[in-house]
Participant: 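Below are the structure tokens for one structure; questions will follow.
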There are 4 protein chains.
Amino acid sequence: MSRAVLRPGDSIDDLRERARRRLPRTAFGAIDGGGGDEITLRRNRTAFDDLLLRPRALRDVSTRDLSTTVLGDPVSMPLLVAPVGYARMAHRDAELAIVRAGARAGTVCGVSSFTSYPLEEIAAAAGGPLWYQLYPPATSDARKAILERVRAAGFRVLCVTIDAPTPGIRRRELRSRLQLPLRLTPRLLRECATRPGWLFDYARGGAGRGRQGLPPVVRTPGGTRTTPAANSVVTADVVAELRELWDGPIVLKGVMRAEECAELVSLGIDGIGVSNHGARQLDSVPATIEVLPEIVDSVAGRVEVFVDGGFRRGTDIAKALILGARAVLVGRPLLYGIAAGGEDGAAGALEMLRREIDSTFALLGATSLADLDSSLVRRAPTR
Amino acid sequence: MSRAVLRPGDSIDDLRERARRRLPRTAFGAIDGGGGDEITLRRNRTAFDDLLLRPRALRDVSTRDLSTTVLGDPVSMPLLVAPVGYARMAHRDAELAIVRAGARAGTVCGVSSFTSYPLEEIAAAAGGPLWYQLYPPATSDARKAILERVRAAGFRVLCVTIDAPTPGIRRRELRSRLQLPLRLTPRLLRECATRPGWLFDYARGGAGRGRQGLPPVVRTPGGTRTTPAANSVVTADVVAELRELWDGPIVLKGVMRAEECAELVSLGIDGIGVSNHGARQLDSVPATIEVLPEIVDSVAGRVEVFVDGGFRRGTDIAKALILGARAVLVGRPLLYGIAAGGEDGAAGALEMLRREIDSTFALLGATSLADLDSSLVRRAPTR
Amino acid sequence: MSRAVLRPGDSIDDLRERARRRLPRTAFGAIDGGGGDEITLRRNRTAFDDLLLRPRALRDVSTRDLSTTVLGDPVSMPLLVAPVGYARMAHRDAELAIVRAGARAGTVCGVSSFTSYPLEEIAAAAGGPLWYQLYPPATSDARKAILERVRAAGFRVLCVTIDAPTPGIRRRELRSRLQLPLRLTPRLLRECATRPGWLFDYARGGAGRGRQGLPPVVRTPGGTRTTPAANSVVTADVVAELRELWDGPIVLKGVMRAEECAELVSLGIDGIGVSNHGARQLDSVPATIEVLPEIVDSVAGRVEVFVDGGFRRGTDIAKALILGARAVLVGRPLLYGIAAGGEDGAAGALEMLRREIDSTFALLGATSLADLDSSLVRRAPTR
Amino acid sequence: MSRAVLRPGDSIDDLRERARRRLPRTAFGAIDGGGGDEITLRRNRTAFDDLLLRPRALRDVSTRDLSTTVLGDPVSMPLLVAPVGYARMAHRDAELAIVRAGARAGTVCGVSSFTSYPLEEIAAAAGGPLWYQLYPPATSDARKAILERVRAAGFRVLCVTIDAPTPGIRRRELRSRLQLPLRLTPRLLRECATRPGWLFDYARGGAGRGRQGLPPVVRTPGGTRTTPAANSVVTADVVAELRELWDGPIVLKGVMRAEECAELVSLGIDGIGVSNHGARQLDSVPATIEVLPEIVDSVAGRVEVFVDGGFRRGTDIAKALILGARAVLVGRPLLYGIAAGGEDGAAGALEMLRREIDSTFALLGATSLADLDSSLVRRAPTR
């Protein structure tokens, strides 16, 4: 249980603060930071304040049910685990801790292309359906090779990132000379002077891997090391090919324009991920919650619409659901969670959000997702 | 008189600051705090800044009359005392002090379900009409038992809270491990190191109750102890039953949606309380002053409309009256008042607000409530 | 000359800061403060930021002429001296210094009802046309007595304040227990510990008045002392009477509603003063620059429209002129000026503003008031 | 190369901070400051936040081409070097360093009327087409004399500043008693106590000029010294004369009103420079990016439209290009650059911006200027 990690009254911001105190600046900045001047990073948060909730009166909400399905898979709540890189910097158990926490929460987990454990090992640790997040490589052969391995490992859904043709300008990473896998440079060691716990954990290496020194933080399916700054140009042709190669559902992640959805849907995909890459790619783009409504309108129910970006509270998540998202994905909260307390911390983050979603439903006068409608939210005059 | 408590130039914010200095953090946080990240708590205040007053010229305002009636009861001004829990944490005399202050001010007082003195004792202390604030319990028997006791104690109006099916996530309370009745835990004693006055007052126990140690802060009519985090699901059936059981006026408190008023009115109630529970329940809902105009429109005079939430100044109150509220209820100002100076502090808070309302009327060119019309306020461009 | 008082690059804000350092807190607060929570005091300033200037290209602006007339009197620029009370607290020479500075600047001066020198003495010190600011007393006899004395002293214009039926709630004054005339209470003496210059100047008494101890700061025309918190109810009947009694122009000061202008004009007055009393009366009213355009529209040229409230820069003043004001009145800048350097300080403030207006005209592509039109300003999207 | 000057993750703001630390306050303020209260200086920056970028999906952006032409001259990117005065205060090599950096970047450079080196020397140092920025003097003879010299020196484009009939009120310059050429006054020497590097560099004099003590910072083409606060009244007649005298392209810089563009274009000019003079002239005017769209509309392609003012990031520049600017000019970034590291610093600033523009194009889904259209930007609700 996550009792030792979470304290009464904690919010995700508290977990973040605990992660900030535990991690060296380089690692925290890589997890926490965004692209450019972090305008969109802040906007992803503040945009929620322009949406006001409008609770309904006189409803019997004594029992609530948050469960739903995503792409056919049942989940205990409309909150999924986003694929995140960098997890090894936050905690030694990295993706293993995260997918175990996801399983405990009864939800679906995304797994990043940039992991510290082989994807088969992650898949084995998981207890529920997994999404594989793909940065499609440049050649068809490489794409096929990855998909085969991913399929063999048992992943259910292919989640194709389409917004990373070039890495975002992430100043925090650049300023700390981040290289992956992290090396214990003098700079990093200096930062660790006040973070001995992290250093010990990190230097101890991967769980049960014997003596391999510092394990590679990043290990692509093909086995080559690479930096997590992906360079992945995804055209319609690439998507069409992936559609042919992959039997299961495909989600395109990184959509921000409603007028493009018709074309995307026509490629035979199953889900659209409204995402600005956690505000880590192009800065000065809208918050995802700002564009969600027009994208939901445009998609008109033909595929499921997911959203991520700055979700930190039950009310944030409820707003997206009210606006038509099938489910919300959270990434950084899990990384803060494992930084603060490993698997228990991640499980605690999910549990905290579940309680907040449940409380929001009750106070909104809704007992299930079917009770949500657009009257429950109002765009507020900005102030 | 409240001379020793109030100083020239004081605002309610000054009283609040004095309460903050006098109370241990746990007690002050329980009184002062809100739900979630306190977005609505702040919005309840800042929303007033979007409404500008438009004074009339050339009116003879040498004499003003603030009196009116609420649900048939005459009051000296359109400002009522909201029912508030937690009062015992602010001052030993708790609700007794508050209702006495209300009587001195010639206004109506609400009494919370969560009081530190038996409701009969409070009723005996009061000098004017009282409202009983009810969290309807789950069973009809329990509801009937309460109403009988409330009626016997002489309460005039039943004020039914409909926005508390589950407690709000109040982080300040959770972080201080608030339990009611307050126990002198090591944590609380540490906080009291710089608040010996409060500790002495609190530890001394209830007035004239003999040796019962720490008196329960919360004592429901049925005599059972409970935490003040109510779990009260109120459906239309419950309201209909209450309507049958209670002869006097009924106010439904916690209304935030104009489109629901027709149904609420059809249940035979007498008043609607526009309220977001002092921003203590669902966070990220509108300020009450924002939704007041549409609710007044919707009600169209069929019942009286009351409002609470963030009112701290005469101009705040005048804005609500101009927008159609019958009267405004204030809660925290009374708690700050008793924390700062017991009954005199509470009376001082009411007197301060009366003077501010009176000054606002004079400067607006209005001599009574009949002079108010919608031309006196303008929605400002937000900045 | 004002060389010693002003420094290159100074703004009115710099003068204010110098006044703040020179005056005891009580005196500075009485000059600088506003009503209520000073929402309107701030708004009077920030509202200018919502108006953007739109300079014209290709104009020959090598020579500029700022002169105009106000109510028939020629002035060197469309900037007048507002009547201000409290001047004795800022500097021993008080109104004498201000009207002399006004004369040096070639403009018209208003003289408050609350002065430290007899109005005849002030009139004698002045070198140009004067406005007498009147809080009409409650009886017709008292009004007549004042007007006779004012006329005899040679005042040109009667400026009737209509927004002070009751004093505003000025917390800074109340908190410092301000009483006028100022007495050297222990509290004030404590404040003077770091302001010996002010104390010496103040204690020395009036210029050339012999031994009268602390001179009364406030001396009404009738000779009685009173606090500057006026209680002056002004109805249409009072204005009609004043119109009969006074031969010269009459300005009604304190107008904030466009829909009332037709009635005000019909009373036979000559000017309208758009004013919120320097934000010292009712708080939470609009900034004067916000309501100026609609009032100018409503007046439609039948009388001259003046405006005051928060003007501190040449661009502020140009905006009001573009929006249709005949001239702008400034009050506090003169008080800051005399606090910083007596008559030279006041003259410096006026000269600074003249240079700023002139620079604004040149950069706007305007050589005189005739060149101003509404295309030179645009309402900006607030941010 | 500029490796020593720039560090990974640097933004132009970092260069600015380095300049602030290296330069005495007088010099930095002269470079960094704006007119009046610097409202427009801030607005030039914050206005970008109201424009959100809308990336396109599924484009092949593996190769990008930023090249274009400006007034017929090919440039490697749509970013030009603005003419800037004061350069000698930032670095001894002043304009020489800047034009060399511009040549390295493959772009066009503007050269100010106020330079520390003879314009022929600057022209000789440059490696690409140059614009000569002209404050037209008051007499026709003087204008002809300048144009002859400018033509003889090989300048391609005449860039006529039309917004400086009188100097802006630049408080930072006035407060530091800035006089040009800078003299080593006691005040400046005091500021240099912590900036010995700058003092040594400055006192050493011009490159290879022998013993002339402090070189004049400002040297007009006619050889007379003057302060950089220009007084240049430019009428349509003056422009018409310049059009006759100058064979090459003419740009009018300082345009802020769309309704004037028809007249300006009719004078036979080739380009319009949307500019508020780096917010150094009239304060409280709009940001240039705010008025750019309406000016582009009004010009309707008849001449090229350029823009400057507050551009500090690749996204800022991309927004202007999307809104129809032919190219963006940056001035202060070059001054920060030479202050931080001479020619390499300036080259680094241009290189940094090129990389940011390129990254923005890639992430927007654009491979060249032809791919930009208005759908890529959206006006955001201000917050």
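In what follows, every chain begins at residue 1, and chains take the letters A, B, ... in the order their sequences are listed.
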Participant: Need one label for C:D37: side chain, backbone, both or neither, based on atoms under 4.5 Å from any heavy atom in chain B.
Facilitator: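 Only the side chain of C:D37 comes within 4.5 Å of chain B.
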Participant: Do you know which of B:S359, B:S62, B:P55, B:G314 has the most heavy-atom pairs under 4.5 Å to chain C?
Facilitator: B:P55
Participant: Please give me the minimum heavy-atom distance between B:A362 and C:P165, naming the atom from each residue.
Facilitator: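 Answer, listing the atom of B:A362 first, then C:P165: O-CG, 3.7 Å.
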Participant: Roughly how far apart are C:D237 CG and B:D60 CG, rounded to 0.5 Å?
Facilitator: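 Result: 9.5 Å between the selected atoms.
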Participant: Does the side chain of C:R43 reach to within under 4.5 Å of the side chain of B:D49, using non-hydrogen atoms?
Facilitator: no
Participant: Please flag which part of C:L282 lies under 4.5 Å from any non-hydrogen atom of chain B: side chain, backbone, both or neither.
Facilitator: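 Contact with chain B: backbone and side chain both.
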Participant: Taking the side chain as every heavy atom from C-beta outward, state whether B:E356 and C:I169 have any atom pair closer than 4.5 Å.
Facilitator: yes
Participant: Find out whether C:V291 and B:R378 are in side-chain contact, i.e. whether some heavy atom of one side chain is under 4.5 Å from a heavy atom of the other.
Facilitator: yes
Participant: Please determine if B:D14 and C:R175 form a salt bridge, counting it only when a charged side-chain N lies under 4.0 Å from a carboxylate O.
Facilitator: yes
Participant: Is B:V61 close to C:T166 at the side-chain level, that is, under 4.5 Å between some pair of heavy atoms?
Facilitator: no
Participant: State whether C:E263 and B:R56 are salt-bridged, where the test is any N-O pair (Lys NZ or Arg NE/NH1/NH2 against Asp/Glu carboxylate O) under 4.0 Å.
Facilitator: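 No, C:E263 and B:R56 are not salt-bridged.
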Participant: So do B:L363 and C:D163 actually touch side chain to side chain, heavy atoms under 4.5 Å?
Facilitator: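 Counting from C-beta outward, C:D163 and B:L363 never come under 4.5 Å.
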Participant: Chain B heavy atoms under 4.5 Å from C:V234: which part of the residue, side chain, backbone, both or neither?
Facilitator: both
Participant: Would a 4.5 Å heavy-atom cut-off, applied to side chains only, mark C:E173 and B:P8 as touching?
Facilitator: no
Participant: Using non-hydrogen atoms only, which part of C:V255 is less than 4.5 Å away from chain B: side chain, backbone, both, or neither?
Facilitator: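 No part of C:V255 comes within 4.5 Å of chain B.
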Participant: Identify which part of B:S11 has an atom lying under 4.5 Å from any heavy atom of chain C, answering side chain, backbone, both or neither.
Facilitator: both
Participant: Hydrogens and angles aside, do B:R313 and C:S284 bring a side-chain donor and acceptor to less than 3.5 Å of each other?
Facilitator: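 No, no side-chain donor-acceptor pair sits under 3.5 Å.
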Participant: Tell me, with the steps shown, if C:R257 and B:L376 meet side chain to side chain contact (heavy atoms under 4.5 Å, CB included).
Facilitator: CA-CA 10 Å; C:R257 290 168 69 115; B:L376 292 173; 3.4 Å; yes
Participant: Who among C:E260, C:E259, C:M256 has the most heavy-atom pairs with chain B under 4.5 Å?
Facilitator: C:E260
Participant: Is any side-chain heavy atom of B:L58 closer than 4.5 Å to one of C:L264?
Facilitator: yes
Participant: Quick one: what part of C:R172 sits under 4.5 Å from any heavy atom of chain B, side chain, backbone, both or neither?
Facilitator: neither
Participant: Given 3.5 Å as the limit, does a donor-acceptor pair link the side chain of C:R171 with the main chain of B:D10, or not?
Facilitator: yes
